[in-house]
Amino acid sequence: MTTMTNASVREFKMPDVGEGLTEAEILKWYVQPGDTVTDGQVVCEVETAKAAVELPIPYDGVVRALHFPEGTTVDVGTSIIAVEVAGGAAPAAGAPAAETEPAPAPQEPQEPKAEGSGRQPVLVGYGVATSATRRRPRKAAPEASAGQAAVSVQAELNGRTPAPEPVAEPAAARQRPLAKPPVRKLAKDLGIDLATVIPTGPDGIITREDVHAAVSATQAPEPEVQAPAPAPAAPAAAPAPVSYDTARETRIPVKGVRKATAAAMVGSAFTAPHVTEFVTVDVTRTMKLVEELKEDKEFSGLRVNPLLLIAKALLVAIRRNPEINASWDEAAQEIVVKHYVNLGIAAATPRGLIVPNIKDAHAKTLPQLAESLGELVSTAREGKTSPSAMQGGTVTITNVGVFGVDTGTPILNPGESAILAVGAIKPQPWVHKGKVKPRQVTTLALSFDHRLVDGELGSKVLADVAAILEQPKRLITWA
């Protein structure tokens, strides 16, 4: 490995790339020990409960060590890579390379910070680094209380010396075991007292491995004690160990986006009272308009499909019925009506279902909406959707028709009041102008939160969407 003079080792810690995330899985390393890295270079890709994100390194140097292999889930705030950088004090002799921690030094370049603020500028989007301040020294326990001193004086007056009494250690003097919140929760769930766990992490911090080691120790078999033989009895049948035929089953770990989606859907289904309404509509004129727009120069280079006009129809319906674009505030017991529409589009990806949204979709023209839809879909397929793109949605569209499905009963995206499912568009016999003719027909399903959307409001929105798709000229007359 390249030797750098006057160098120090910097530890890059797993940042919180979302809002309040506690862990992330390392999907792929783009560097190896010995590689040279520069400020802003992407060193790894991680998957959180919301999306896959690439992490850039915030300084120049040479990679000293990768602390975790690919596929490992790491707590936020845990060091994942050590980089040897120039310009600092060399690490102490004999110190392990992966555990060397430099003295608190500002990242370069550094803005002047207010005295005592304890905050340092870090990479944009990574939050604020914790300060290098140390714990305030704990006060030493007093040698004796006032009452004990009075007893001692009285004993001397009586001509005898009292025996020393044990002094209970004050509660404040007992040091609380050092562990991160996820590790404390793990210990609580497993019934482990952190005070009994031997820490192996830096600065005496208890790690997940330490907790699991404590569990293994408590479950170790105790020495058998010879006891008198009981009366003969039929031995209880021991439960047979569970075995799985790997040739007949495949087990997929539930984590990352899939785990977050499962939790969100369960929470939504059992929190918001769902109601779903259906309507079947002739969309032949809409399909003709799609073909015409494909030839329009205003849409040159843009992807034009039925979903574009369905999205625009929903936006018009929301403008005519704004109360549908709302959320339920349980804490305040209020209905929050949004005066903007962040239109979510459910997308199936190899990592699971995600719902990125188009910010301020209500303010976009049809070509702008087509451009935003194209970018959203391509980014989702590449697995590059950012966490911010999946936050703040107000209403969602899920297109199950691409799988040949006629319709469904979609579950609300958490925090939203409505979701529109679009079924397959296919030719069906339809009464048109008094005659049965083959027409392009689809079925729409609208699920809504019945706490804040009653049947009248939900029906009006669904009927408006259907009317626009049947007669797309209403995009102009109702605008």
Side-chain angles (χ1 to χ4, degrees), residues 49-52 257-258 260-261 264-265 268 276 283 286 290 293 299 302-319 324-327 338 340-405 407-425 442-449 461-462 464-465 468-469 475:
K50 297 183 177 180
V257 174
R258 197 177 300 273
T261 300
M265 291 299 98
S268 176
T276 305
V283 294
T286 292
V290 169
L293 292 178
F299 293 86
L302 300 178
R303 181 177 176 84
V304 179
N305 55 23
L307 180 61
L308 171 62
L309 295 184
I310 293 170
K312 190 64 176 178
L314 179 58
L315 292 172
V316 172
I318 291 173
R319 184 167 66 247
I324 194 74
N325 188 49
S327 62
K338 312 294 177 62
Y340 59 91
V341 181
N342 290 344
L343 181 60
I345 304 295
T349 71
R351 294 191 178 97
L353 179 71
I354 62 174
V355 188
N357 59 77
I358 300 172
K359 309 297 183 186
D360 294 325
H362 66 288
K364 295 182 181 293
T365 64
L366 197 59
Q368 291 172 342
L369 188 61
E371 182 179 5
S372 298
L373 274 172
E375 293 175 353
L376 180 147
V377 172
S378 61
T379 302
R381 287 176 177 173
E382 294 171 1
K384 303 298 182 183
T385 303
S386 65
S388 61
M390 293 184 286
Q391 297 166 3
T394 62
V395 67
T396 295
I397 295 177
T398 177
N399 186 8
V400 297
V402 296
F403 306 107
V405 175
T407 187
T409 55
I411 297 177
L412 294 169
N413 200 31
E416 301 177 11
S417 62
I419 179 171
L420 178 69
V422 182
I425 300 174
T442 189
T443 299
L444 306 176
L446 182 71
S447 291
F448 49 87
D449 186 342
V461 172
L462 185 59
D464 279 358
V465 175
I468 294 171
L469 296 180
L475 288 172

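In this view, Asn342 satisfies the side-chain hydrogen bond (donor to acceptor under 3.5 Å, both in side chains) rule with no residue, not counting sequence neighbours. Listed by chain and residue number, Glu416 satisfy the side-chain hydrogen bond (donor to acceptor under 3.5 Å, both in side chains) test with Thr396 (two or more places apart in sequence, or in another chain).
Note that the CG atom of Asn413 and the CE atom of Met390 stand 10.5 Å from one another [nearest 0.5 Å]. Ile397 CD1 to Asn357 CG: the interatomic distance, rounded to the nearest 0.5 Å, is 12.0 Å. Ser417 contributes atom OG, which lies 7.5 Å from atom CG of Leu412 (distance to the nearest 0.5 angstrom). Leu309 CG to Leu314 CG: the interatomic distance, rounded to the nearest 0.5 Å, is 12.5 Å. Separation of atoms CG (Leu373) and CD1 (Ile358) is listed at 4.0 Å; rounding is to 0.5 Å. Between the NZ atom of Lys338 and the CG atom of Asn325 there is a distance of 7.0 Å, given to the nearest 0.5 Å.
In this structure, the side chains of Leu446 and Leu444 stay at 4.5 Å or more apart for every pair of heavy atoms. Residues Ile425 and Thr286 are not in side-chain contact: their nearest non-hydrogen atoms beyond the backbone lie 4.5 Å or more apart. Side-chain contact between Val316 and Asp464: absent, with no pair of heavy atoms (C-beta onward) separated by less than 4.5 Å. The side-chain heavy atoms of Val402 and Val422, taken from C-beta on, include no pair separated by under 4.5 Å. Looking at Thr394 and Ile318, their side chains never come closer than 4.5 Å, going by heavy atoms from C-beta outward.
Nearest heavy-atom pair across Pro410 and Gly408 is CD-O, 3.3 Å. When all heavy atoms are compared, the tightest approach of Ala361 to Leu343 is CB-CB, 3.8 Å.
Residue pairs that meet the salt bridge (charged side-chain N to carboxylate O under 4.0 Å, His left out) test with at least one member in residues 358-381, sequence neighbours left out, do not exist here.
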